[in-house]
Amino acid sequence: AAIAIDEVGIFNRELLSTEIQDIYNAGSAGRCNIVSTSRTLTVSMAGNGIGGVGSTPPGIACGMDCSEVYDLGTVVMLMPGPDAGSNFSGWSGDADCLDGMVTMDTDKNCIATFTKPTLTVSMNGNGIGGIGSTPSGIACGMDCSEVYDLGTVVMLMPGSDAGSNFSGWSGDADCLD
């Protein structure tokens with residue numbers, strides 16, 4: 001039998017492998033219990049847009065470094081930065097991520113969504129025709145939807161087949177001109 005010299009568990013003989021395993025497994029009973037004082041924050045990006053995410057305190061520079069270990073209890077402010085032509089749409093992931101202020105009480109996974117606007121056109125009526133665009137992307141009759149950079153001015157060009165007439169635009173206010 002082993003003689004415990006103190007609560008750390010120093011023994012006066014070599015332990016058998018089964019005894020070592022028993023001591024290791026006793027961690028939840030108060031022995032060999034190691035408490036981590038750090039938590040990992042991982043950021044990922046979603047959507048059809050482009051951007052990056054930084055943090056205060058520093059550590060996240062997502063686009064290049066999307067994971068960082070912080071001390072337990074640290075409050076991390078995530079700062080999205082959409083590239084030109086993209087828009088930051090919001091946070092998702094763990095519930096604590098939704099406002100961009102993350103308290104590191106457990107490992108956290110946050111998702112930043114960056115989007116570009118999608119222009120969708122449709123044709124109504126009983127005539128036959130199509131719609132093209134400048135810049136290219138819309139060739140409605142076959143492809144009636146396209147993602148463009150935020151702020152892009154798209155000129156839609158209707159074309160009607162013989163016996164049909166283009167009668168005008170409807171839809172969102174910006175579509176009427």
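Here, residue 1 is the first one in the sequence, and each next residue gets the next number.
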Minimal heavy-atom distance between Val121 and Leu156, with the atoms involved, is CG1-CD1, 3.6 Å
Are a donor atom and an acceptor atom from the side chains of Thr113 and Ser89 found within less than 3.5 Å of each other? no
What's the separation between atom OG in Ser38 and atom CE in Met104, rounded to the nearest 0.5 Å? 9.0 Å
Working to the nearest 0.5 angstrom, can you tell me the gap between Cys175 SG and Trp169 CH2? 8.0 Å
Check the pair Met155 / Ser133 against side chain to side chain contact (heavy atoms under 4.5 Å, CB included), numbers first and verdict last. CA-CA 6 Å; Met155 183 172 68; Ser133 69; over 6 Å; no
So Val76 and Thr56, side chain to side chain contact (heavy atoms under 4.5 Å, CB included) or not? Walk me through it. CA-CA 6 Å; Val76 180; Thr56 299; over 6 Å; no
I would like to know whether Asp105 and Arg39 meet salt bridge (Lys or Arg N to Asp or Glu O under 4.0 Å); could you show each step before the answer? CA-CA 7 Å; Asp105 52 359; Arg39 300 293 183 259; over 6 Å; no
Say you draw a straight line from CG of Leu72 to OG1 of Thr37; how long is it, rounded to the nearest 0.5 Å? 7.0 Å
Between CD1 on residue Ile111 and OG on residue Ser44, distance to nearest 0.5 Å: 4.5 Å
Tell me the closest heavy-atom pair linking Ser92 and Cys97, and the distance in Å. O-CB, 3.7 Å
Please test Ile131 against Met123 for side chain to side chain contact (heavy atoms under 4.5 Å, CB included), starting from the C-alpha separation and ending with a verdict. CA-CA 8 Å; Ile131 301 171; Met123 298 182 292; 3.7 Å; yes
So Ile60 and Asp65, side chain to side chain contact (heavy atoms under 4.5 Å, CB included) or not? Walk me through it. CA-CA 6 Å; Ile60 298 291; Asp65 178 9; 5.7 Å; no
Nearest heavy-atom approach of Gly63 to Met45 is N-CE, 3.8 Å
Nearest non-hydrogen partners of Gly49 and Ser86, listed with the distance: CA-OG, 3.4 Å
Determine, for Lys116 against Asp149, whether the closest basic-nitrogen to carboxylate-oxygen distance falls under 4.0 angstrom. yes
Non-hydrogen atoms of Pro135 and Thr152 that approach each other most closely: CG-CG2, 4.1 Å
State whether a side-chain donor-acceptor pair under 3.5 Å links Tyr70 with Thr103. no
Does Ile50 share a hydrophobic cluster with Val43, counting links as ILVMFWY side-chain heavy atoms below 4.5 Å and allowing steps through other members? no
Please say yes or no: joined through hydrophobic side-chain contacts below 4.5 Å, possibly via intermediate residues, are Phe88 and Val53 part of one cluster? yes
First locate atom CG of Asp94, then atom SG of Cys110, and finally report the distance between them rounded to the nearest 0.5 Å. 6.0 Å
Nearest heavy-atom pair of Thr120 and Ser145: which atoms, and what distance? OG1-OG, 3.2 Å
Report the distance from atom CG of Leu119 to atom CD1 of Ile138, rounding to the nearest 0.5 Å. 4.5 Å
Check whether more than 12 heavy atoms from other residues, nucleotides or ligands sit under 6.0 Å from atom CG of Asp161, and answer yes or no. yes
